[in-house]
Amino acid sequence: MGHSQLGATIVSATTAIDEAVRDGMTLMVGGFGLVGAPLTLIRALNASDRKDLTIISNNLGEPGKGLGETLRLGKVRRAIGSFFTSNPEVAEARDRGDLDVTLLPQGTLSEAMRAGGAGLGGFYTPTGVGTLLAEGKEVRELNGKRYVFQEPIRSDVALVRAHRADRLGNLVYYKTARNFNPMMATAADVVIAEVDAVVDVGQIDPEAVVTPHLFVDFLVIAEDTL
Amino acid sequence: MGHSQLGATIVSATTAIDEAVRDGMTLMVGGFGLVGAPLTLIRALNASDRKDLTIISNNLGEPGKGLGETLRLGKVRRAIGSFFTSNPEVAEARDRGDLDVTLLPQGTLSEAMRAGGAGLGGFYTPTGVGTLLAEGKEVRELNGKRYVFQEPIRSDVALVRAHRADRLGNLVYYKTARNFNPMMATAADVVIAEVDAVVDVGQIDPEAVVTPHLFVDFLVIAEDTL
Amino acid sequence: MNEKELIASRAAALLQPGWVVNLGIGIPTLVTRFVDRNAFCFQTENGLLGVGPPPPADRVDPNLVDAGKRPVTEQPGAAFFDSATSFAMIRGGHVDAVILGALQVDECGRIANWAIPGEPVLGVGGAMDLMSGARNIIVVMTHTAKDGTPKLVRECTLPLTSLRPVTWVVTELATFAVDGNGLILRSCAPGVSKETILARTAARCRDGEGLDQT
Amino acid sequence: MNEKELIASRAAALLQPGWVVNLGIGIPTLVTRFVDRNAFCFQTENGLLGVGPPPPADRVDPNLVDAGKRPVTEQPGAAFFDSATSFAMIRGGHVDAVILGALQVDECGRIANWAIPGEPVLGVGGAMDLMSGARNIIVVMTHTAKDGTPKLVRECTLPLTSLRPVTWVVTELATFAVDGNGLILRSCAPGVSKETILARTAARCRDGEGLDQT
């Protein structure tokens, strides 16, 4: 998203979803299960009328929780992730024909997001060679070892969860709530970061910034937490 | 390198070079010019009798300084980097037939190191397509855009420069002296980190560690600084 | 010691001090009970090197969990990182060992542990990445399924997790090493005869040198 | 204002407030003199977002430099990162503009700026990455070489830096935009006639709408 001024814009979760998300879009949503998931933004998404979404996220929450509720509301057309087993309703929705599911190994999923954010055309990973998940994919031998080709993954919007932001949009994360969020923040046209607090510029150590501010468009203060 | 115990081993620069480096090896050496170069380790390398080395480094120092001295001493058979123009003796050595030079775009060089450390088989980058530096390389169209294939880069030994280490080997860096060092620390069989200070375990913020300790084998206290 | 603890304790004995170890869900998490935590460093693929023991109930931090989503703590000298960095470590061969469960092991030492029979294939997580990158792979599992069906089989009927064979297979009855030619019976659990093991093993295996009971 | 400052000031006028900008070596570094530093954020590919002005001589930190290895400072809200992360930003389209020098520009708007004639080709640095990834590319250069030879040419005789055309070309005489059909003369510097510009330009170019003198 173009910036008309330096610094991320602080908005409500409802405004962020209204402004950024459209029917049919592809959304990245952070979190390993509910840990590190942007629960306030997901609630605003669930309360909106947005539908027909492709969700890229490690999981689809738990039944009725987080993205699990998004699924229940029928807003998700397609899910791309690594572990949907924690929500049995994913299998049900797929069996009903309401949901298309793409499964990737977790390391391939996270690396594909990084590649998407880094302007790469794809990469070769040894993970999954010769398994069901490599079926139909290009396999290539390089220096005597076999690898699967993986394309980069990008999205229209990323909903990420961080710990603190400064007013420019620099982000730091909290413990294992970091997980997929930093890669997602690089791989979307619009990035909305839900944070516990927004601090003054200069309050985050420049050596410890995980997501530099140029990746972040909107900041939303977290209301829902684990 | 196998670890027989948790924690990196603190040794002198001379011992580190003696133990880890052999004639004919490939070495990664950190630094953007002399900034972030492990000057103490380079001095020990220069004082050793090791020769016939392949050096992977953005530059080969300046004339007679850092890796520039290593070159003068005739220890370098091949150099892989992005900007050798800062040391005119590189061109002279090449013209004499004493040095083989491989030039990569800086982003491709750093990404190839990361890929080497991350177990990838290679990646496609848009950088350099249609230029002299892509000659002889695989070019592939992916989603309507052309990319050059780049293989991962690894080395036998990496000589890196960090700011502080804890006794386990966790590393943090200092300002723009970080540059290539973190990737190199992931992409070598043996990693020797030259640091300003070694602190007790627990003195580095777990959220701010840049190179986790599992990558680091030896720690050397810096004696030569800019 | 129950059966699971027995398996975990036998797997623990295979770890070498100084190793960085990733633990899967289930029996693998019991391994920490049988090692000196200070001699090892535990990695969890959701982004922590230096996993400490579970906290007391009143000190649970919901944002500090392992890959099984159970509350953990961080050891001194820990480091947090993102998922891409975590799997770069794993694929890149920087994790010395992974200990994980399996549903089946074939006679080449290859495992099936991600797709459950009769259930939709909707979760793989980090299993394939760990199988591709960990330096040593230790499988821990009960020797047979609950109905007595051997889990060490000639050929896996379930989808393979990787074409790469594991390093060790540890059950409550035996420990098998794996080399280029397949499974090698390395040791029998105390009081378990070789005949008992072979009777419950469908995969062909060779006797290791100096086969002992430990 | 000397010739280089004139070019820098004209390039500065093309920047939009809020942009993240990477500055090459030479004339590009002069651009900061003509912008409100608070309205922009400067990135340097050796690992810093939030480059501040050069420090006074007694406060130089030899480990805080830009890609030209000149001492700089860090702005409040800066971030340091490694080279792979820096080029991920650049290639990934997260840097709004790069301002760089060129030896030649062809009539498609493609540039040659890394291999110097008669010298061994031993340095490319980040030029090709910046050309592949920056959202806008602004070339700043003197309109002709010292001997009067045009730098805007039909075809580059020097090796191209990228197949991608730049966005703008700014000289002391004129500013050119680039579209899919090539160079467009957008503005002439004060007191410079269109005829003067064309006489010193070997590349074919079209007149922009409302061609003015600014």
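The structure displayed is predicted, hence computed values, not measured ones. Chain letters run A, B, ... following the sequence lines, proteins first and then strands; every chain starts at 1.
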Notebook entry, point to check: Taking D:Asp129 for the side chain and B:Gly107 for the main chain, is one N or O donor matched with an acceptor at less than 3.5 Å?
Noted result: yes
Notebook entry, point to check: Of the backbone (N, CA, C, O) and the side chain (C-beta and beyond), which part of D:Val72 lies under 4.5 Å from a heavy atom of chain B, both, or neither?
Noted result: neither
Next item on the list: Select one option (side chain, backbone, both, neither) describing which atoms of D:Leu160 are under 4.5 Å from chain B's heavy atoms.
Entry: backbone
Next item on the list: Of all the heavy-atom pairs spanning D:Val124 and B:Pro105, show the shortest one and how long it is.
Entry: CG1-CA, 3.7 Å
Next item on the list: May I ask you to test the D:Asp61-B:Tyr174 pair for a side-chain heavy-atom distance under 4.5 Å?
Entry: yes
Next item on the list: May I ask you to check whether over 12 heavy atoms, not counting those of D:Asn2, lie within 6.0 Å of atom CG?
Entry: yes
Notebook entry, point to check: Where along residues 73-82 of chain D does a heavy atom come under 4.5 Å of chain B, listed by residue number?
Noted result: D:Glu74, D:Phe80, D:Phe81, D:Asp82
Notebook entry, point to check: Heavy-atom distance under 4.5 Å to chain D: side chain of B:Asn59, backbone, both or neither?
Noted result: side chain
Notebook entry, point to check: Got more than 12 heavy atoms from elsewhere within 6.0 Å of NZ, B:Lys137?
Noted result: yes
Next item on the list: Sort out for me which of B:Leu104, B:Thr125, B:Asn179 touches chain D most, counting heavy-atom pairs under 4.5 Å.
Entry: B:Asn179
Check: Any luck finding a side-chain donor-acceptor pair between B:Tyr173 and D:Asn63 under 3.5 Å?
Finding: no
Next item on the list: Would you please go through residues 27-44 of chain B and name the residues with a non-hydrogen atom below 4.5 Å from one of chain D, in numerical order?
Entry: B:Phe32, B:Gly33, B:Val35, B:Gly36
Margin query: Taking every non-hydrogen pair under 4.5 Å, which of D:Gly47, D:Pro62, D:Gly133 racks up the most with chain B?
Written below: D:Pro62
Next item on the list: Would you mind checking which part of D:Asp66 comes under 4.5 Å of any heavy atom in chain B, side chain (CB onward), backbone (N, CA, C, O), both or neither?
Entry: backbone
Item checked: Close approach to chain B in residues 101-114 of chain D, criterion heavy atom under 4.5 Å -> D:Trp114
Checklist line | Backbone of D:Thr161 reached by a side-chain donor or acceptor of B:Thr131 within 3.5 Å | finding: no
Checklist line | When B:Arg94, B:Arg114, B:Met113 are compared by non-hydrogen pairs under 4.5 Å with chain D, the top option | finding: B:Arg94
Checklist line | D:Arg91 and B:Glu111: CA distance, side-chain angles, deciding distance, side-chain contact (heavy atoms from CB on, under 4.5 Å) verdict | finding: CA-CA 11 Å; D:Arg91 267 192 325 263; B:Glu111 188 68 19; 3.5 Å; yes
Notebook entry, point to check: Which heavy-atom pair separates B:Met183 from D:Ser83 by the least distance, and what is that distance?
Noted result: CE-CB, 3.8 Å
Notebook entry, point to check: Under a 4.5 Å heavy-atom cutoff, which of B:Ser110, B:Gly128, B:Ser86 has the most pairs with chain D?
Noted result: B:Ser110
Next item on the list: Against chain B, label D:Pro120 side chain, backbone, both or neither, depending on which of its atoms sit under 4.5 Å from a heavy atom there.
Entry: both
Notebook entry, point to check: Do you know which of B:Val90, B:Leu226, B:Val210, B:Leu103 has the most heavy-atom pairs under 4.5 Å to chain D?
Noted result: B:Leu103
Note to self: Only pairs of heavy atoms separated by less than 4.5 Å count here; which of D:Pro159, D:Ser162, D:Gly123, D:Ala67 has the most with chain B?
What the structure shows: D:Gly123
Check: Has D:Arg59 got more than 12 heavy atoms of other residues, nucleotides or ligands less than 6.0 Å from its CZ?
Finding: no
Next item on the list: Could you look at D:Ser86 and say if it's the side chain, the backbone, both or neither that has a heavy atom under 4.5 Å from chain B?
Entry: neither
Next item on the list: Please look at D:Ala115 and chain B and tell me whether the side chain, the backbone, both or neither of the residue comes under 4.5 angstrom of a heavy atom of that chain.
Entry: neither
Notebook entry, point to check: Relative to chain B, which of D:Leu130, D:Leu64, D:Ile116 shows the most heavy atom pairs under 4.5 Å?
Noted result: D:Leu64
Notebook entry, point to check: Are there more than 12 heavy atoms of other residues, nucleotides or ligands under 6.0 Å from atom NZ of D:Lys69?
Noted result: yes
Check: D:Leu163 versus B:Arg146: any side-chain heavy-atom pair under 4.5 Å?
Finding: yes
Margin query: Within residues 148-157 of chain D, which residues come under 4.5 Å of chain B, heavy atom to heavy atom?
Written below: none
Next item on the list: Tell me, for B:Val129 versus chain D, whether the close heavy atoms (under 4.5 Å) come from the side chain, the backbone, both or neither.
Entry: both
